[in-house]
Amino acid sequence: MTANDKPSSTPSADRPGRLFVVAGPSGVGKGTLIRRLIGRWPFYLSVSATTRPPRPGEIHGRDYIFLADDEFDRWLAEDRFLEWNQHFDHRYGTPRQAVEDQITAGRDVVLEIEVEGAGQVRRNDPDAIFIFIEPPSLETLERRLSARGDTSDVAARLARARRELALAPDYDHRIVNDVLEDAAARLLSVFADPEGSQHDHPAD
Ligand code: ADP
Ligand code: 5GP
């Protein structure tokens with residue numbers, strides 16, 4: 001089952017859906033955590049557009065909308081992105097229409113994006129709920145990036161991660177992804193009750 005198959009329960013149509021922004025450094029486990037909630041909470045996982053080539057196993061339209069550079073330019077000119085950013089060698093953006101349609105239909109929407117894009121969403125939609133995923137330590141982040149094995153620029157990603165981690169205090173919620181199931185349970189509790197679990201930050 002993928003995130004965007006039929007939801008496991010029907011959201012209430014009497015209120016618009018909420019927008020959850022899950023951000024944090026590359027390799028911290030955002031994708032792993034969000035996928036762990038599939039079937040445990042009904043949400044639409046935004047499918048980003050990107051100019052990077054697909055990795056083995058990735059499917060156009062499910063994992064990303066893979067665009068050529070000139071197509072990305074056209075989407076930009078047509079104002080089709082809710083936010084977008086250049087991340088290392090490639091551009092990534094959130095298609096606006098799908099997000100707006102789902103929210104209007106009363107379905108919660110999750111964006112899994114990097115911190116610069118999250119900042120753009122905050123400027124345009126301060127009511128969105130911002131969640132920062134943190135690694136237990138930079139050493140752990142390095143191990144995860146290396147273990148994933150899809151990037152040779154681990155050092156560049158770690159340097160960027162240091163800068164990104166400094167932004168964590170701006171977020172409504174911070175979740176340390178140490179034991180996966182514990183972090184998934186925390187994320188689920190934020191989805192279920194974003195205001196109720198407000199003061200659960202780790203010590204700064
Ligand atoms: P992101 O989406 O933030 O870039 P991923 O979800 O791709 O990160 O996770 C990066 C790597 O770390 C993957 O190999 C994943 O299996 C692993 N990982 C994620 N969370 C944990 C965890 N809590 N404990 C151990 N390994 C993890
Ligand atoms: P990857 O190439 O590893 O799939 O993604 C690289 C980074 O881009 C990750 O941190 C991911 O969260 C981020 N990302 C993916 N889609 C988007 C998007 O639509 N907008 C922004 N700003 N970042 C994105």
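Just so we're clear, the structure is a prediction, and the values are computed from it rather than from any experiment. Just follow the structure's listing: the first ligand is 1, and inside any ligand the first atom is 1.
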Review point. Is G29 close to ligand 1, meaning an N/O of one under 3.5 Å from an N/O of the other?
Key: yes

Check your understanding: What about G31: any of its N or O atoms under 3.5 Å from an N or O on ligand 1?
Key -> yes

Exercise for review: Evaluate the ring planes of H87 and Y92, with Trp represented by its six-membered ring, and classify them as parallel (under 30°), tilted (30 to 60°) or perpendicular (over 60°).
Suggested key: perpendicular

Review point. Going by the angle between their ring planes, with limits at 30° and 60°, are F191 and W41 parallel, tilted or perpendicular?
Key: tilted

Practice item. Measure from the side-chain N and O atoms of K30 to the backbone N and O of F132, and report whether any donor-acceptor pair falls under 3.5 Å. Key: no

Practice item. Taking only heavy atoms of Y64 into account, list the atoms of ligand 2 that are under 4.0 Å away from them. Key: 1 (P), 4 (O), 5 (O), 15 (C), 16 (N)

Revision key, fill the gap. Near E83 (heavy-atom distance under 4.0 Å), the atoms of ligand 2 are 18 (C), 19 (O), 20 (N), 21 (C), 22 (N)

In this structure, does ligand 1 have an atom that sits under 4.0 Å from one of the heavy atoms of [X]?
X	value
S26	yes
P25	yes
I34	no

Name the option, out of [options], that contains the heavy atom nearest to [atom].
atom	options	value
atom 22 (C) of ligand 1	R144, E181, E112, K30	R144
atom 20 (N) of ligand 1	T140, N177, D182, T32	N177
atom 18 (C) of ligand 2	S48, G119, P95	S48

Check your understanding: Quick one: does F81 get a heavy atom under 4.0 Å from ligand 2?
Key -> no

**Study point:** Test item, E116 contacting ligand 2 (heavy atom, 4.0 angstrom)
**Key:** no

Review point. Applying the side-chain hydrogen bond (donor to acceptor under 3.5 Å, both in side chains) test to R91, which of D73, T51, T50 qualifies?
Key: D73

Review point. Where is the nearest protein heavy atom to atom 10 (C) of ligand 1: which residue, which atom, and how far?
Key: G27 O, 3.5 Å

Check your understanding: Using heavy atoms and a threshold below 4.0 Å, how should the contact between E58 and ligand 2 be classified: side chain, backbone, both, or neither?
Key -> neither

Check your understanding: Hey, is ligand 2 close enough to G93 that some N/O pair sits below 3.5 Å?
Key -> yes

Exercise for review: Group every Ile, Leu, Val, Met, Phe, Trp and Tyr by side-chain heavy-atom contacts under 4.5 Å, then state whether L167 and F88 land in the same group.
Suggested key: no

Check your understanding: So if you build clusters from Ile, Leu, Val, Met, Phe, Trp, Tyr with side-chain heavy-atom gaps below 4.5 Å, do I175 and L45 land together?
Key -> yes

